[in-house]
Amino acid sequence: QVRLAESGGGSVQAGGSAKLVCDASGAIDGTCGMGWYRQAPGKKREMVSIISNDGTTDYADSVKGRFIVSRDSAKKTLYLQMNSLKPEDTAVYYCAAGRYAECGHADEMEESDFGYWGQGTQVTVSS
């Protein structure tokens, strides 16, 4: 079992920055990667960024060049540095961990590869 807890959300003005943190506990060593997803009101959940155990990363086109995903060496903490925030980044952000021991590169991973989810943290960007 893997447990995930997000923190770092809040209210930010457009153009500002915020950093999300996901603390993982339990059998995290048995998962193949971690990622960030988000869901805005009335919209489907979407991938924001993924980092695989092989070190590769993937980003949604809407956040490329603005967001950076990273993971500590022990692989128990996931980060998402968000810069140049826009009102359309407003959403609940979820941390996720892979359900399998092997998943391949980050750009090959799909939402169905993630079996563990945090409760989410709200990020609100005001204009």
Side-chain angles (χ1 to χ4, degrees):
Q1 188 72 8
V2 175
R3 292 171 293 278
L4 305 171
E6 306 96 336
S7 61
S11 297
V12 184
Q13 286 200 324
S17 298
K19 188 172 186 175
L20 302 184
V21 180
C22 174
D23 291 309
S25 60
I28 191 65
D29 289 340
T31 65
C32 59
M34 297 181 73
W36 291 98
Y37 282 74
R38 68 185 181 187
Q39 187 167 21
K43 295 188 176 181
K44 292 179 61 177
R45 186 165 60 188
E46 63 175 358
M47 185 274 287
V48 177
S49 184
I50 294 170
I51 183 165
S52 178
N53 279 5
D54 64 4
T56 57
T57 58
D58 192 25
Y59 295 91
D61 289 343
S62 60
V63 307
K64 279 181 182 176
R66 299 189 297 124
F67 289 12
I68 301 172
V69 65
S70 61
R71 196 173 178 185
D72 73 343
S73 58
K75 298 181 180 179
K76 292 187 180 296
T77 305
L78 182 72
Y79 304 96
L80 184 68
Q81 177 65 46
M82 306 185 293
N83 302 318
S84 302
L85 282 161
K86 305 175 181 180
E88 50 263 44
D89 293 319
T90 295
V92 177
Y93 284 71
Y94 297 92
C95 174
R99 67 172 78 240
Y100 307 117
E102 296 292 336
C103 291
H105 299 317
D107 60 359
E108 298 172 328
M109 295 180 69
E110 299 180 349
E111 188 170 335
S112 58
D113 291 322
F114 292 93
Y116 304 97
W117 296 85
Q119 292 297 309
T121 185
Q122 176 72 45
V123 174
T124 302
V125 184
S126 58
S127 57

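Being a predicted model, the structure only gives us computed values, none of them experimental.
In terms of heavy atoms, Val125 sits closest to Thr90 at N-OG1, 2.9 Å. Residue Ala97 comes nearest to Val2 through the heavy atom pair CB-CG1, 4.3 Å, listed as atom of the first residue, atom of the second, then distance. Considering all non-hydrogen atoms of both residues, Ser17 and Ser84 come closest at OG-N, 4.4 Å. Between Ala91 and Ala40, the shortest heavy-atom distance links the atoms CB-N, 3.8 Å. Smallest separation of non-hydrogen atoms from Ala14 and Pro87: CB-CD, 4.1 Å. Nearest heavy atom pair, residue Glu108 against residue Cys103, reads OE1-O, 4.3 Å.
A donor-acceptor distance shorter than 3.5 angstrom exists from the side chain of Glu6 to the backbone of Cys95, with no hydrogens or angles considered. A donor-acceptor pair under 3.5 Å is formed between the side chain of Thr56 and the backbone N or O of Ala106. The closest donor-acceptor contact from the side chain of Thr121 to the backbone of Ser7 lies at 3.5 Å or more, if one exists at all. One N or O on the side chain of Tyr59 and one on the backbone of Val69 form a donor-acceptor pair closer than 3.5 Å. Under a 3.5 Å cut-off, the side chain of Asn53 and the backbone N or O of Thr31 do form a donor-acceptor pair. In this structure, Thr77 contributes its side chain and Asp23 its backbone to no donor-acceptor pair below 3.5 Å. The backbone N or O of Ser112 sits less than 3.5 Å from a side-chain atom of Arg99, completing a donor-acceptor pair.
A 4.5 Å side-chain heavy-atom check between Tyr94 and Leu20 finds every atom pair outside the cut-off. You'll find the side chain of Arg3 reaches within 4.5 Å of the side chain of Ser25, heavy atoms only. The shortest distance between side-chain heavy atoms of Met34 and Leu4 falls below 4.5 Å. Counting heavy atoms from C-beta on, the side chains of Cys32 and Asp113 never come closer than 4.5 Å.
Residue Tyr79 belongs to a hydrophobic cluster whose other members are Val21, with links defined by side-chain heavy atoms closer than 4.5 Å.
The same ILVMFWY cluster, assembled from side-chain heavy atoms under 4.5 Å apart, contains both Leu80 and Ile68. Taking hydrophobic clusters as Ile, Leu, Val, Met, Phe, Trp and Tyr residues chained together by side-chain heavy-atom distances below 4.5 Å, Ile50 does not share a cluster with Ile28. Met109 and Ile51 are not part of a single hydrophobic cluster, where members link through side-chain heavy atoms under 4.5 Å apart. Under the 4.5 Å side-chain heavy-atom criterion for ILVMFWY residues, no single connected hydrophobic cluster contains both Met47 and Tyr93. Placement of Trp117 and Leu78 in two distinct hydrophobic clusters is found when ILVMFWY residues are connected by side-chain heavy-atom separations under 4.5 Å, directly or transitively.
Listed by first and then second residue, the salt bridge (Lys or Arg N to Asp or Glu O under 4.0 Å) pairs involving residues 33-55 are Arg38-Glu46, Arg38-Asp89, Arg45-Glu111 (not counting sequence neighbours).
Rounding to the nearest 0.5 Å places NZ of Lys19 at 10.0 Å from CG of Asn83.
Between Tyr37 and Phe114, the two ring planes are perpendicular [angle over 60°; tilted spans 30° to 60°].
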